[in-house]
Colleague: 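Starting off with a structure, shown below.
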Amino acid sequence: MQSLTLIQAITDGMRTMMRDHEDILVLGEDVGKNGGVFRATDGLQEEFGEFRVMDTPLSEAGIIGTSIGMAMNGLRPIAEIQFMGFIYPAYEQIMTHAARMRYRTKGALTVPLVIRTPYGAGVRAPEIHSDSTEALFTHMPGIKVVCPSTPYDAKGLLIAAIEDPDPVLFMESLKLYRSVRGEVPKGKYTIEIGKGIKRKSGDDVTLIGWGAMMPVIEKAAEEAEKSGISCDVIDLRTLYPIDKEIIAESVQKTGRCVIVHEAHATGGLGNDIVSIINDTSFLYMKSPIQRVTGADVHVPFFALEDHYLPTPARVMKAIEDVMYF
């Protein structure tokens with residue numbers, strides 16, 4: 001075992017797979033010589049060369065379009081988009097081609113492509129650097145969406161994404177890159193895409209989140225315990241396909257639920273989770289479901305993002321609301 005930050009675990013996952021498979025390559029803006037804007041690819045070009053770790057022009061549509069062509073012709077590209085807010089020029093390529101190629105060709109062609117992108121607020125970044133727009137991608141069949149919250153999960157899920165025959169959007173929290181550390185096995189291991197995990201067991205309230213919201217949720221759960229409220233804490237890890245079973249099992253036990261995400265409230269993935277609960281567990285519910293989310297505004301600059309992001313205090317207020325409804 002090794003103690004790694006989340007970003008170190010991601011680098012380790014890429015290096016582990018690239019050493020064993022020559023068809024895996026990395027491409028993106030500044031991923032080679034500079035090792036990426038956050039140094040996620042640091043040292044990879046020195047080890048694997050410029051033909052397997054290549055710097056690209058500043059063209060997200062070009063990066064993804066090129067990667068799709070590579071994937072359809074036998075390679076397994078890992079494309080880095082520097083920030084999730086930069087991905088929109090590539091949206092057409094992802095949704096029109098990458099996500100549809102298996103369907104379009106009746107299974108004759110697939111697109112084994114991993115798109116890595118940092119997302120989210122909490123690091124005082126400027127405009128278009130803090131977006132959390134996962135719902136744009138969970139809406140479209142054909143592409144999986146993954147969002148780890150721990151170094152262990154980051155490496156295992158990344159390796160699973162690289163091995164997946166279809167495209168995977170791999171979301172990496174800016175705030176968690178170096179703020180979390182954990183034990184990570186050396187060598188290869190995988191975590192099944194599409195399976196959530198219970199981080200904490202409790203009987204009174206189900207708390208559901210992913211990525212950067214997990215430390216927020218866990219702090220709120222600790223605070224709730226001081227008031228005698230025990231929480232089931234669910235980390236979804238995969239946003240599409242979502243683990244409906246772990247959601248239903250938990251809320252049927254507790255009868256209460258708080259969903260936490262930093263994306264905007266309108267159109268956010270929390271709405272789909274509410275629908276899953278209504279479809280599977282409505283008669284078990286003891287109070288209305290609460291959502292704690294980002295506001296329906298652009299992520300504000302610098303210190304103002306503190307007023308935008310969910311906090312343990314906001315989550316605690318929602319826990320009290322469902323408990324004492």
Side-chain angles (χ1 to χ4, degrees), residues 1-71 73-84 86-87 90 111-119 123 125 129 146 148 150-164 167-191:
M1 300 290 282
Q2 50 191 336
S3 178
L4 300 178
T5 63
L6 190 136
I7 197 165
Q8 288 172 335
I10 290 167
T11 308
D12 191 39
M14 288 188 284
R15 180 178 288 111
T16 297
M17 293 299 287
M18 292 179 75
R19 284 175 175 171
D20 291 340
H21 303 278
E22 292 187 354
D23 57 347
I24 298 172
L25 51 88
V26 176
L27 67 160
E29 298 160 6
D30 298 323
V31 299
K33 184 176 181 180
N34 290 334
V37 66
F38 294 104
R39 304 298 181 262
T41 54
D42 192 29
L44 296 185
Q45 190 176 76
E46 288 82 353
E47 181 171 352
F48 299 106
E50 295 182 358
F51 289 102
R52 292 187 63 196
V53 184
M54 59 187 74
D55 292 313
T56 67
L58 301 180
S59 172
E60 284 72 24
I63 293 168
I64 299 304
T66 300
S67 298
I68 292 169
M70 290 176 171
N73 284 279
L75 298 175
R76 288 185 174 269
I78 304 170
E80 178 178 295
I81 302 296
Q82 280 191 346
F83 293 88
M84 194 169 196
F86 297 176
I87 204 170
V111 181
L113 163 65
V114 177
I115 304 169
R116 294 182 40 253
T117 186
Y119 84 94
V123 298
H129 290 66
V146 173
T150 68
Y152 178 86
D153 286 354
K155 181 179 177 180
L157 285 167
L158 180 58
I159 292 174
I162 293 169
E163 291 187 329
D164 198 285
V168 179
L169 178 67
F170 195 86
M171 298 172 55
E172 304 166 3
S173 165
L174 285 171
K175 190 168 185 178
L176 297 186
Y177 262 158
R178 292 179 174 85
S179 65
V180 296
R181 179 177 290 273
E183 293 297 310
V184 177
K186 295 181 179 179
K188 179 183 174 182
Y189 67 93
T190 61
I191 292 173

Colleague: Verify the ring-centre separation between Phe83 and Tyr119: is it less than 6.0 angstrom?
Modeller: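 Ring-ring flag for Tyr119/Phe83: false, centres at least 6.0 Å apart.
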
Colleague: I would like to know whether Leu75 and Leu25 meet side-chain contact (heavy atoms from CB on, under 4.5 Å); could you show each step before the answer?
Modeller: CA-CA 8 Å; Leu75 298 175; Leu25 51 88; 3.6 Å; yes

Colleague: Would you mind reporting whether Ile78 and Met14 have side-chain heavy atoms less than 4.5 Å apart?
Modeller: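 Sidechains of Ile78 and Met14: in contact.
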
Colleague: Less than 4.5 Å apart, side chain to side chain, heavy atoms only: is that true for Glu163 and Met17?
Modeller: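 Yes, their side chains come closer than 4.5 Å.
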
Colleague: Can you measure from CD1 (Ile24) to CZ (Arg15) and round to the nearest 0.5 angstrom?
Modeller: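 Ile24 atom CD1 to Arg15 atom CZ measures 13.5 Å (nearest 0.5 Å).
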
Colleague: Going from CG on Leu157 to CZ on Phe170, what distance comes out if it is rounded to the nearest 0.5 angstrom?
Modeller: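 One gets 5.5 Å once the value is rounded to the nearest 0.5 Å.
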
Colleague: Does Pro118 have any side chain to side chain contact (heavy atoms under 4.5 Å, CB included) partners at least two apart in sequence or in another chain, and if so, which?
Modeller: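 Testing Pro118 for side chain to side chain contact (heavy atoms under 4.5 Å, CB included), a comparison that skips the adjacent residues, returns Phe38, Leu174, Tyr177.
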
Colleague: Assess the residue pair Thr117 and Leu169 against the criterion (side-chain contact (heavy atoms from CB on, under 4.5 Å)); give the C-alpha distance rounded to whole Å, side-chain angles, the decisive distance to 0.1 Å, and a yes or no.
Modeller: CA-CA 8 Å; Thr117 186; Leu169 178 67; 3.9 Å; yes

Colleague: Checking Met1 against Lys186 for the side-chain contact (heavy atoms from CB on, under 4.5 Å) test, could you report, in this order, the C-alpha distance in whole Å, the side-chain angles of both residues, the deciding distance, and whether it holds?
Modeller: CA-CA 6 Å; Met1 300 290 282; Lys186 295 181 179 179; over 6 Å; no

Colleague: With side chains defined as the heavy atoms from C-beta onward, is the minimum distance between Ile87 and Glu60 less than 4.5 Å?
Modeller: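 Ile87 does not reach Glu60 side chain to side chain.
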
Colleague: Looking at Glu47 and Arg19, is any side-chain nitrogen of the basic one under 4.0 Å from a carboxylate oxygen of the acidic one?
Modeller: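 So Arg19 pairs with Glu47 through a salt bridge.
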
Colleague: Should Glu183 and Gln2 count as side-chain neighbours, where that means a heavy-atom distance under 4.5 Å?
Modeller: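 The answer is no; the side chains never approach within 4.5 Å.
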
Colleague: For Asp55 and Gly32, which heavy atoms make the closest approach, and how far apart are they?
Modeller: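 Closest heavy-atom pair between Asp55 and Gly32: OD1-N, 2.7 Å.
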
Colleague: Do Arg52 and Val26 have side chains that get closer than 4.5 Å, going by heavy atoms?
Modeller: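 Result no, sub-4.5 Å side-chain heavy-atom pair not found.
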
Colleague: What's the shortest heavy-atom distance between Tyr189 and Pro151, and which atoms?
Modeller: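 Closest heavy-atom pair between Tyr189 and Pro151: OH-O, 4.2 Å.
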
Colleague: Could you give the distance from OG1 (Thr41) to CE (Met54), rounded to the nearest 0.5 Å?
Modeller: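 Thr41 atom OG1 to Met54 atom CE measures 12.5 Å (nearest 0.5 Å).
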
Colleague: Nearest 0.5 Å please: distance from the CG atom of Leu158 over to the OG1 atom of Thr16.
Modeller: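 It comes to 9.5 Å.
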
Colleague: Check whether any side-chain heavy atom of Glu80 sits under 4.5 Å from a side-chain heavy atom of Leu27, and report yes or no.
Modeller: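 Side-chain contact under 4.5 Å: no.
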
Colleague: Quick check: closest heavy atoms across Leu113 and Ala79, and the distance to 0.1 Å?
Modeller: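 The pair with the smallest heavy-atom distance is CD1-CB, 4.1 Å.
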
Colleague: Is the closest basic N to carboxylate O distance between Glu22 and Arg76 below 4.0 Å?
Modeller: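 Looking at Arg76 together with Glu22, the answer is no, because their closest N to O distance does not fall below 4.0 Å.
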
Colleague: List the atom of Asp30, the atom of Asn34, and the distance in Å for their closest heavy-atom pair.
Modeller: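 That would be O-CB, 3.6 Å.
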
Colleague: I need the Ser67 OG to Ile115 CD1 distance, nearest 0.5 Å.
Modeller: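 Ser67 atom OG to Ile115 atom CD1 measures 7.5 Å (nearest 0.5 Å).
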
Colleague: If every non-hydrogen atom of Gln8 is compared with every non-hydrogen atom of Arg181, which pair is closest and at what distance?
Modeller: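 In this case the closest contact between Gln8 and Arg181 is OE1-NH1, 3.9 Å.
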
Colleague: To the nearest 0.5 Å, how far apart are CD1 in Ile7 and CG in Leu176?
Modeller: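 Between atom CD1 of Ile7 and atom CG of Leu176 there are 11.5 Å.
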
Colleague: Run the side-chain contact (heavy atoms from CB on, under 4.5 Å) check on Glu46 and Val53 step by step: do they pass?
Modeller: CA-CA 9 Å; Glu46 288 82 353; Val53 184; over 6 Å; no

Colleague: Considering residues at least two apart in sequence or located in another chain, which fulfil the salt bridge (charged side-chain N to carboxylate O under 4.0 Å, His left out) criterion with Arg39?
Modeller: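 Salt bridge (charged side-chain N to carboxylate O under 4.0 Å, His left out) list for Arg39, sorted by chain: empty.
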
Colleague: Could you tell me whether the side chain of Lys155 and the main chain of Gly187 form a donor-acceptor pair under 3.5 Å?
Modeller: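 Here the side-chain-to-backbone pair exists.
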
Colleague: Assess whether atom CD of Glu50 is packed by more than 12 heavy atoms of other residues, nucleotides or ligands within 6.0 Å.
Modeller: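 Count not over threshold, so no.
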
Colleague: Tell me the closest heavy-atom pair linking Ile191 and Ala160, and the distance in Å.
Modeller: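 Smallest heavy-atom distance, with atoms named: O-CB, 3.3 Å.
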
Colleague: Measuring only between side-chain heavy atoms, which start at C-beta, is Arg178 closer than 4.5 Å to Leu6?
Modeller: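 Arg178 vs Leu6: side chains apart.
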
Colleague: Are Leu4 and Asp12 close enough that some pair of their side-chain heavy atoms sits under 4.5 Å apart?
Modeller: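 Contact flag for Leu4/Asp12 side chains = yes.
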
